[in-house]
Amino acid sequence: MINDITLGEIPIQRIHDNFLSKSGIRLSILRLDLIHPEISGNKWFKLKYNLECARNEGRDSLLSFGGPWSNHLHALAYAGQYFDFSTIGLVRGELPYPLNACLQDAKNAGMELVPVSRADYKNKDNPEFAEYLKRQFGNVFLIPEGGANKAGVKGCKEIINLYPQVFDLVCIACGTGTTLAGMASTSQIPLLGFQVLKGKGYIRRQVNTLMQQYQLSASCDWNVCDDFHFGGYAKVNDEFLQFLTEFEQRHGLPLEPVYSGKMLFGLYQLFKKRDFFPQNYSILAIHGGGLQGARGFL
Ligand SMILES: *Cc1c(COP(=O)(O)O)cnc(C)c1O
């Protein structure tokens, strides 16, 4: 069964520093990066019901989309290998030669890598493109980029079961909003998403769209902070990278600059605003894994 995967311990790490004690905020990090050595972080939750659907429909090949450092394709390749599916990854743009570490891992796990021009990639969600892909690759099970579909949202509802319900706020980084949509439809604790790409209100709209599409309603207050993306997806600056290095060293915790790093930087900026969070506020920030992607920044 698809649920039969050995999940690692998922510790909750309390963060202590002068800055937090001065502002009277309790911060803990859910180490979802430790859930599995290869199928990292929230990606397992977005994939599990997709794999189950594919199996129920009798399809033995999974096809999905992503950029050349995609955590989603990386996790999909391993999940496919683990559960005996063949996998096809449609990679945006040209395949780097030699392959980068992410794509090399995916290939080693058995994924067939197919480059897709940026122009075609823009059409990846069109029904005609899906038909074309089915003609080209046979009876494949299509999973949208980032696992952003009904099965993906369903899996993310389960993330709230990984921690005790004792926090005042739970924070996550958002790329497609799938994780936030799933969690916002089950959590009783308010949620704050940190948008990692540019576009005011983009994730807020995506989450609303996903929830409408799948007829979900919010079970808690949720909001999105879209001020800390540094100009776009995977964009960084020196101040941010320095914050990450210091944070990693001080707390012995690995971060990556695309998702969880931006969330933590954003949180610390909000901590600096007096009275943004009430005294003695207790926050859980979810480390979404994806550390393989940090290799793209070395
Ligand atoms: C994919 C990913 C996210 C974003 O999840 P969405 O459901 O697409 O919003 C956050 N953190 C990490 C580490 C990821 O790999």
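One-based numbering, in listed order, for ligands and for the atoms of each.
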What are the atoms of ligand 1, with element, lying closer than 4.0 Å to any heavy atom of G289? 13 (C)
Do I88 and F83 land in one hydrophobic cluster if side-chain heavy atoms of ILVMFWY residues count as linked below 4.5 Å? no
Distance-only donor-acceptor pairs under 3.5 Å for side chains of residues 29-37, two or more places apart:
residue	atom	partner	partner atom	Å
R31	NE	D33	OD1	2.9
R31	NE	D33	OD2	3.3
R31	NH1	Q13	OE1	2.8
R31	NH2	D33	OD2	2.9
H36	ND1	E38	N	3.1
H36	ND1	I39	N	3.0

Can you sort out which atoms of ligand 1 are near K46, meaning under 4.0 Å from one of its heavy atoms? 5 (O), 6 (P), 7 (O), 8 (O)
What about K43: any of its N or O atoms under 3.5 Å from an N or O on ligand 1? yes
Is L76 reachable from Y78 through a run of I, L, V, M, F, W or Y residues, each pair having side-chain heavy atoms under 4.5 Å apart? yes
Is the closest N or O pair between N71 and ligand 1 shorter than 3.5 Å? yes
Verify the distance criterion only: is there a donor paired with an acceptor across the side chains of N123 and Y132 at less than 3.5 Å? no
Short N/O distance, under 3.5 Å, between Y259 and ligand 1? no
Check each atom of ligand 1 against the heavy atoms of G288 and keep those under 4.0 Å away; list them by number with element. 12 (C), 13 (C)
Give the cluster check for L133 versus F85: same hydrophobic cluster or not, with ILVMFWY residues linked at side-chain heavy-atom distances below 4.5 Å. no
Would one find an N or O of G177, backbone or side chain, under 3.5 Å from an N or O of ligand 1? yes
I'd like to know whether ligand 1 has G146 as a neighbour, heavy-atom separation below 4.0 Å. no
is_close_aromatic(Y233, H229), centroid dist under 6.0 Å: no
Answer yes or no for A173: is there a heavy-atom contact with ligand 1 below 4.0 Å? yes
Decide whether an N or O pair under 3.5 Å exists between G175 and ligand 1. yes
Should you measure from each heavy atom of T178, which atoms of ligand 1 turn up under 4.0 Å away? 7 (O), 9 (O)
Honestly curious: do I12 and M263 fall in one hydrophobic cluster under the side-chain, below-4.5 Å linking rule? yes
Polar side-chain atom of S219 near backbone of T186 as donor-acceptor pair, under 3.5 Å: yes
With a 4.0 Å cut-off on heavy atoms, is H72 in contact with ligand 1? no
Can you give the donor-acceptor pairs under 3.5 Å from side chains of residues 106-120 to other protein atoms, not counting sequence neighbours?
residue	atom	partner	partner atom	Å
N108	OD1	Q104	NE2	3.0
N108	ND2	Q104	O	3.4
S117	OG	D120	N	3.1

Heavy-atom distances under 4.0 Å are what count here, so tell me which part of V196 touches ligand 1: side chain, backbone, both or neither. neither
Would you call the rings of F265 and F243 parallel, tilted or perpendicular, taking 30° and 60° as the class edges? perpendicular
Could you tell me the residue and atom name of the protein heavy atom closest to atom 7 (O) of ligand 1, and the distance to it rounded to 0.1 Å? T179 OG1, 2.6 Å
Of the protein's non-hydrogen atoms, which lies at the shortest distance from atom 5 (O) of ligand 1, and what is that distance? N42 ND2, 3.0 Å
Mind checking whether T176 contacts ligand 1 via backbone (N, CA, C, O), side chain (CB onward), both or neither, at a 4.0 Å heavy-atom cut-off? both
